[in-house]
There are 2 protein chains.
Amino acid sequence: MRLTTKGRYAVTAMLDLAFHSQVKPVTLTDIAARQTISLSYLEQLFARLRRAGMVKGVRGPGGGYKLCRKTSEINIADIISAVDESLDSTKCGGEANCQKDQACLTHALWMGLSEQIRNYLEDISLADLLEKNQVQDVAKRQHYEVHQAIEIHRHPE
Amino acid sequence: MRLTTKGRYAVTAMLDLAFHSQVKPVTLTDIAARQTISLSYLEQLFARLRRAGMVKGVRGPGGGYKLCRKTSEINIADIISAVDESLDSTKCGGEANCQKDQACLTHALWMGLSEQIRNYLEDISLADLLEKNQVQDVAKRQHYEVHQAIEIHRHPE
DNA sequence: ACTTAACCTAGTAAAATAGTCAACTATTAG
DNA sequence: CTAATAGTTGACTATTTTACTAGGTTAAGT
C-alpha cells in the first residue's frame, strides 16, 4: 500500500461526501469548491470509486453522488486501494521474484509494513472520522465560509 | 511520512551495505550490481544519507562507503526520512493550515497515520533485518548467483 | 425542449522518480 | 610523483505519476 497525495484527495472527498450526502446526493462541483480539488480530477477519482462499488452516481438535476454503504462500513484502506493503481509496495506484487526470481532483500520488510498500514487504515471507518468533533467543526466552517471569505485582504497602503 | 519506491531503494542499499561492509568499505558500484540499482541513482541517495550522518565515504583505492553507527542504531524510519524530501504527509507540514488557514478535513487522520508508520519503522533496525535468516539467505545467494545464472532457460522445442 | 450533472475521452502541464554524463577532488597503491 | 580508484558535484534527460483542462455524450428531472 503506497501512501501518496492521490489517496489523500480521495479520502478527503469521501469524507466530504459522507458529511453532506445524508439528505440528498452531492455534486462533484460542490466537493470541488469546498475541498479545492479540481472538478475533473474528482471525476477521475470518483470513476474509480464507483467501479469499486463504493459510491453511486445519480444523474440529472438534483443528482450527484451518494455512498453505497453506511459510513461505518467504509474504511480508509478500501478508499485508497480503489484509487491507487498499484496497491502493492513490493514491486513484485507479492510474487517474491522482484529480482531474478529471488525475493529481494527487503521483501519481508515491505510486506510487513504494508500489512501494518493496511490494518491501521482498515480499522478506521468514515463514521469514525465523522464522529470526531474537530472534523465536524471544520466541515461546518467550510459550509459557511463563503459568506465570510471577503474583507480579509485589506492591508493599509 | 510518505512511502514510495525511493525509500525502498535506500533501505535496500543500506541493508546491502550493512551486510557487506563489516570488513572493508563497500563501493556503490558493487551495491549497484548486486541490487540492480543504477550507480548514479545510488550516488544521489548516498549523498543524502551522508549529509544525514548515516554513512561515511572513504576515498581512494579500497574506498567506498561504511556505516557511521552500529547496525542496531540505524532504524528504517531514519533512512527513509534521509532520502525523502518532504517527510510530512499532511501537505501543510503540521501547520494545520492546508486550506485557507484551516485544518483540512483529514488533517488529524494523516497525522495519526504518519506517526503510526514512523513508530513501526523506528522500531526496526538494520540489525533486526540482518538477523532474519531469510535476508541472510538472499544475500548469500546474491553473493554467488553469478556462477549459477545460466542453464535455466532451456525449454524443449 | 432544456437544464443539470454524471460519465467518458483525450490531451497536457507540472512534479516526482529514475537514470545519464561529465568534470572534479581526495586518497592511496606502486 | 603518478596513475588509478572512488567519492563528490552539478547539470541534464527520460519516464512515470499526478493533477488538471477541454470537450464531448448520456440520463434524468422540470
Side-chain angles (χ1 to χ4, degrees), chain A residues 1-13 17 20-21 24-33 35-68 80 82-89 91 98, chain B residues 1-13 17 20-21 24-33 35-52 54-68 80 83-89 91 98:
Chain A
M1 168 156 290
R2 279 188 320 160
L3 287 182
T4 64
T5 52
K6 194 174 189 178
R8 189 156 64 244
Y9 274 112
V11 173
T12 304
L17 178 58
H20 290 97
S21 71
K24 60 184 180 70
V26 175
T27 68
L28 292 189
T29 310
D30 286 353
I31 298 178
Q35 306 305 330
T36 55
I37 307 172
S38 92
L39 175 60
S40 298
Y41 195 47
L42 275 179
E43 283 177 348
Q44 278 181 44
L45 297 178
F46 273 77
R48 287 170 188 266
L49 292 170
R50 190 172 49 80
R51 282 183 222 120
M54 312 194 74
V55 298
K56 189 176 178 337
V58 180
R59 293 183 167 195
Y65 279 95
K66 54 185 185 182
L67 300 176
C68 280
I80 294 178
V83 297
D84 234 342
E85 202 82 8
S86 58
L87 47 85
D88 76 285
S89 64
K91 198 175 195 175
C98 346
Chain B
M1 168 156 290
R2 280 188 320 160
L3 287 182
T4 63
T5 51
K6 196 174 188 176
R8 189 156 62 244
Y9 274 116
V11 174
T12 304
L17 178 58
H20 291 98
S21 71
K24 60 185 179 67
V26 175
T27 69
L28 292 189
T29 310
D30 287 352
I31 298 178
Q35 307 305 331
T36 54
I37 307 172
S38 93
L39 175 60
S40 300
Y41 196 47
L42 276 179
E43 283 174 349
Q44 279 181 42
L45 297 179
F46 272 78
R48 287 169 187 266
L49 291 169
R50 190 175 51 78
R51 281 183 223 120
M54 313 194 74
V55 298
K56 190 176 179 337
V58 180
R59 293 182 169 195
Y65 279 96
K66 54 185 184 182
L67 301 175
C68 280
I80 294 179
V83 298
D84 233 344
E85 202 81 9
S86 58
L87 47 86
D88 76 283
S89 64
K91 198 177 195 173
C98 347

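The chains referred to below are lettered A, B, ... by the order of the sequence lines, with proteins before strands, and numbering in each begins at 1.
- With dT9(D), dT3(C), dA18(C) as the candidates, the nucleotide lying closest to the side chain of P61(A) is dT3(C).
- Residue Y41(B) has a polar side-chain atom (N or O) positioned under 4.0 Å from OP1 or OP2 of dA18(C).
- Distance D30(B) CG to dT5(D) P: 13 Å, rounded to the nearest Å.
- Distances shown here put a side-chain N or O of R50(B) below 4.0 Å from the OP1 or OP2 atom of dT9(D).
- If you measure from atom CG of D84(A) to atom P of dA19(D), you get 10 Å, rounded to the nearest angstrom.
- The listed nucleotides are dT17(C), dG19(C), dC20(D); the one nearest the side chain of S38(A) is dC20(D).
- Atom pair L45(B):CG and dG19(C):C1' shows a separation of 11 Å (rounding to whole Å applied).
- Taking every side-chain heavy atom of T27(A) into account, dA6(C) is the closest of dG11(C), dA6(C), dT20(C).
- A straight line from CG of L42(A) to P of dT18(D) spans 16 Å, rounded to a whole angstrom.
- For the atom pair I31(B) CD1 and T36(B) OG1, the distance stands at 12.5 Å (nearest 0.5 Å).
- Whole-Å rounding puts the K56(B) NZ to dA6(D) C1' distance at 14 Å.
- Spacing between atom CD of Q44(B) and atom C1' of dG7(D) amounts to 15 Å, rounded to whole angstrom units.
- Judged by distance alone, with hydrogens and angles left aside, E43(B) brings no side-chain donor or acceptor close enough to the base of dG7(D) to form a pair under 3.5 Å.
- Between L17(A) and F46(A), the closest side-chain pair of non-hydrogen atoms falls below 4.5 Å.
- Across all strands shown, F46(A) has no heavy atoms under 4.0 Å from either base or sugar-phosphate atoms.
- Using a 4.0 Å heavy-atom criterion, one finds that T5(A) contacts the sugar-phosphate atoms exclusively.
- Put simply, NZ on K24(A) is 14 Å from P on dT4(C), counting in whole angstrom units.
- Not one side-chain nitrogen or oxygen of R59(B) sits closer than 4.0 Å to the OP1 or OP2 atom of dA29(C).
- A 4.5 Å side-chain heavy-atom check between D84(A) and R48(A) finds every atom pair outside the cut-off.
- The residue among L28(A) and G60(B) whose nearest nucleotide of DNA chain C lies closer to the 5′ end is L28(A).
- Inter-residue side-chain proximity for Q44(B) and V83(B) is flagged as unmet; no heavy-atom pair is nearer than 4.5 Å.
- Residues G62(A) and Y65(B) both approach DNA chain D. Their nearest nucleotides, taken by heavy-atom distance, put Y65(B) toward the 5′ side.
- Protein atom CZ of R48(B) is 13 Å distant from nucleotide atom C1' of dA18(C), rounded to whole Å.
- The side chain of S40(A) contributes no N or O atom lying less than 4.0 Å from OP1 or OP2 of dA19(D).
- With values rounded to the nearest 0.5 angstrom, Y65(A) atom OH is found 14.0 Å from M54(A) atom CE.
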